[in-house]
Number of protein chains: 2
Amino acid sequence: MADSTPKIQPATTGELDERKAAILNAVVAEHIDTAQPVGSNSVAANDAVKVSSATVRSEMVALEREGFLVQPHTSAGRIPTDKGYRFFVDHLGRGVLPQTQHSTLSNFFSHLRGEMEDVLTQTSQMLNEMSNYTSVIIAPSHASATVRSVQVVDLGPRRCVVVAILSDGEAVRRTLELPFEITPEQVNEASTQIASLLFGNTLEQRVEVPSRDTPVATLVREAIASLYRSTPTFEEDRVYIGGSAKVADTFDTVEAVRNVLGLLEKEIVVVNLLEDILQQGLSVAIGSEHGYEPLSTAAVVVAPVTVDGEVAGAVGLLGPTRMNYPEALATAEMVSQQLGQRLGDLIGDR
Amino acid sequence: MADSTPKIQPATTGELDERKAAILNAVVAEHIDTAQPVGSNSVAANDAVKVSSATVRSEMVALEREGFLVQPHTSAGRIPTDKGYRFFVDHLGRGVLPQTQHSTLSNFFSHLRGEMEDVLTQTSQMLNEMSNYTSVIIAPSHASATVRSVQVVDLGPRRCVVVAILSDGEAVRRTLELPFEITPEQVNEASTQIASLLFGNTLEQRVEVPSRDTPVATLVREAIASLYRSTPTFEEDRVYIGGSAKVADTFDTVEAVRNVLGLLEKEIVVVNLLEDILQQGLSVAIGSEHGYEPLSTAAVVVAPVTVDGEVAGAVGLLGPTRMNYPEALATAEMVSQQLGQRLGDLIGDR
DNA sequence: CTTTGGCACTCGGTAGACTCGACTGCCAAA
DNA sequence: TTTGGCAGTCGAGTCTACCGAGTGCCAAAG
């Protein structure tokens with residue numbers, strides 16, 4: 001048993017002696033596989049554990065005392081705690097993605113075409129199908145992109161739309177209600193004024209706008225103000241979720257499913273969650289390590305997406321605490337790396 | 001019991017005599033309330049039913065023979081079939097939204113600001129919270145919007161972005177890889193050429209493009225081709241879903257939850273689903289009436305959103321077949337009407 | 001002919017008794 | 001220190017009995 005796809009390789013042990021580590025390893029691995037409490041007998045059957053079940057039992061008592069394992073009830077096997085899982089991912093097996101996955105992956109990326117939105121949507125779907133966990137991708141922020149062009153377009157009576165195009169190819173669009181009619185010439189005039197005012201700046205760097213009171217000046221002021229105004233959807237559009245339906249399968253209780261889905265709906269929270277985890281330098285957040293209540297029965301695997309050496313986004317997998325960490329880690333890392341390359345090509349040098 | 005929010009008003013009966021209708025009504029109402037099979041006794045207790053339980057029993061046998069009810073097993077009460085629900089929504093009580101909801105609704109809309117995306121996102125969330133069902137909103141299609149402006153922006157070596165602004169305020173953006181370097185003057189030249197070629201046309205009306213072989217002509221051709229190319233996200237962006245987490249609560253089986261969530265992920269399918277239902281002239285699709293397998297245990301309530309007298313979108317609520325139809329219908333209709341008005345203001349005359 | 005109360009019957013669900021088996025913890029011997 | 005053995009615990013499954021909700025049928029009343 002426990003022959004899930006990636007081979008688990010023994011690694012150095014930490015604060016636990018080698019035997020305890022081997023036992024913990026065996027417990028975690030089997031529990032991930034079977035979702036059942038693990039007893040001393042099946043642990044003793046593991047090749048890496050070279051002692052009898054009686055010894056295993058006494059070691060398990062110690063592991064329980066130290067907080068790595070819990071017993072759901074007397075006369076049951078044991079289940080890893082969050083701390084147990086943490087030790088597992090820190091010290092024990094790292095997965096190696098089998099060749100087949102590796103090649104389907106590069107095959108996928110070589111056939112991938114289109115705008116960044118499409119690339120990310122498709123990647124998150126693929127990632128979900130590949131890992132069987134819900135996938136989350138955070139796209140690069142537009143915060144550091146600079147304005148390359150601005151245009152105001154007249155849409156009809158007292159209504160126009162202003163579009164700014166950023167150096168990363170993103171278009172920021174705002175509609176404007178004007179208190180007065182305006183001529184095409186004035187619209188053009190405003191367009192060029194705005195463009196020259198904002199060109200080369202990010203939308204975060206606020207630019208001084210002359211406050212005269214002509215129609216054109218008002219339009220310019222209003223348009224720039226609207227571009228500076230951030231809309232709720234702007235940050236949320238960075239989130240791509242693949243396979244939220246999987247949540248219904250991977251988590252056991254309705255409660256957990258509701259919580260996780262509820263959180264996934266709040267996309268800004270998702271962005272923060274992943275960024276928090278990365279900021280802490282983690283690649284896995286287990287149980288309540290990330291401090292997000294609704295995810296206390298979940299684990300999140302994250303890999304940063306680096307473009308031109310800078311962290312630009314993230315790839316995440318979300319599952320129950322007893323998710324297959326070695327495999328999930330390997331998959332997320334692989335995908336984030338490939339995706340980073342791809343995004344690099346897509347954005348080009350700014 | 002069965003005192004859910006909207007008052008249920010007796011209405012004309014159809015192919016069923018009045019007594020059968022009253023009994024069916026009672027069964028459906030109580031089953032919606034309790035989610036349990038309904039027996040002859042509780043039906044007889046209903047004020048609208050003026051006969052004894054024995055009579056109710058024999059009528060229920062008839063209703064079962066005619067396919068309006070089923071018995072999960074002998075010695076259990078009865079449950080409405082899809083046909084039973086259908087009769088209920090067609091002939092029986094229509095809900096009237098209580099004053100409180102009505103006023104929170106108009107309050108909500110009067111405080112609603114921002115771009116269409118934001119309006120729709122917030123409305124779908126509000127609709128979900130108000131109805132406790134998963135809400136779906138389909139935004140107006142851009143198919144009939146005409147091009148008002150096109151601009152090509154140089155982004156760096158051999159890369160540029162082309163943005164078309166449509167009469168409804170939408171921006172269509174495509175990035176382009178060029179096989180050659182290009183000067184700012186050429187970009188401008190191309191911009192104006194494309195704009196004058198496409199101006200006033202929709203993106204569905206294909207325009208003849210002169211096929212010369214100069215850099216500018218190539219750029220023009222490529223840019224127009226890219227605008228005509230529809231991307232996967234374009235139609236999908238019309239869908240706004242509020243409260244997919246509710247699916248976990250409203251449906252009873254994991255199977256159903258997975259199916260529904262899986263379908264909600266495929267946003268194009270959601271668009272088609274709602275449009276199909278409206279096309280059939282229905283406002284409710286129960287069970288398999290819509291022909292979408294995964295939703296065979298679900299019901300969908302739809303109300304068209306009309307802008308300037310034309311159907312421009314839809315508002316939907318998705319729940320189990322035993323959802324509270326009177327309330328859901330009333331809510332969806334109310335919201336769709338208000339939303340239609342709001343979108344009318346937002347789009348203005350094109 | 002319709003409606004009704006009565007009655008036998010069905011069947012799901014619950015509670016209790018019992019068994020089985022998977023564990024553990026402890027202990028004495030190696 | 002490790003191990004096998006053993007008693008003890010407790011969940012899960014099975015069996016039985018029983019209760020009660022609900023039906024179908026029927027004969028009598030309207």
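The figures here come from the full heavy-atom set of this structure, side chains too, leaving out hydrogens, waters and symmetry mates. Residue numbering restarts at 1 for every chain, and letters A, B, ... go by the order of the sequence lines.
Partners of A:Glu59 by side chain to side chain donor-acceptor pair (under 3.5 Å), not counting sequence neighbours, listed by chain and number: A:Arg19.
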List the steps and the verdict of side chain to side chain contact (heavy atoms under 4.5 Å, CB included) for A:Val301 and A:Glu333.
CA-CA 9 Å; A:Val301 167; A:Glu333 269 160 24; over 6 Å; no
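Nucleic acid contact class of B:Ser52 (heavy atoms, under 4.0 Å, all strands): sugar-phosphate only.
Distance, A:Leu63 CG to C:dG25 P: 12 Å, rounded to whole Å. As rounded to whole Å, 13 Å separates atom C1' of C:dA22 from atom CD of A:Glu30. We find that CD1 of B:Ile79 is positioned 14 Å from P of C:dG12, with the value rounded to whole Å. Spacing between atom NZ of B:Lys20 and atom C1' of C:dT3 amounts to 15 Å, rounded to whole angstrom units.
Among all heavy-atom pairs drawn from A:Glu267 and A:Leu264, the shortest one is CG-O, 4.0 Å. Nearest heavy-atom pair across B:Tyr133 and B:Leu318 is CB-O, 3.6 Å.
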Mark up nucleotides 12-30 of chain D, 5' to 3', with B wherever a protein heavy atom is under 4.0 angstrom from a base atom, S wherever such an atom reaches only the sugar-phosphate, and - elsewhere.
---------BSBB------
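In this structure, C:dA30 forms a base pair with D:dT1, meeting either the Watson-Crick or the G-U wobble geometry with both donor-acceptor distances under 3.5 Å.
A:Thr321 is not listed as a side-chain neighbour of A:Thr297, based on a closest heavy-atom distance of 4.5 Å or more.
Looking at B:Asn259, B:Asp276, B:Asn272 one by one, the single match for side chain to side chain donor-acceptor pair (under 3.5 Å) with B:Tyr292 turns out to be B:Asp276.
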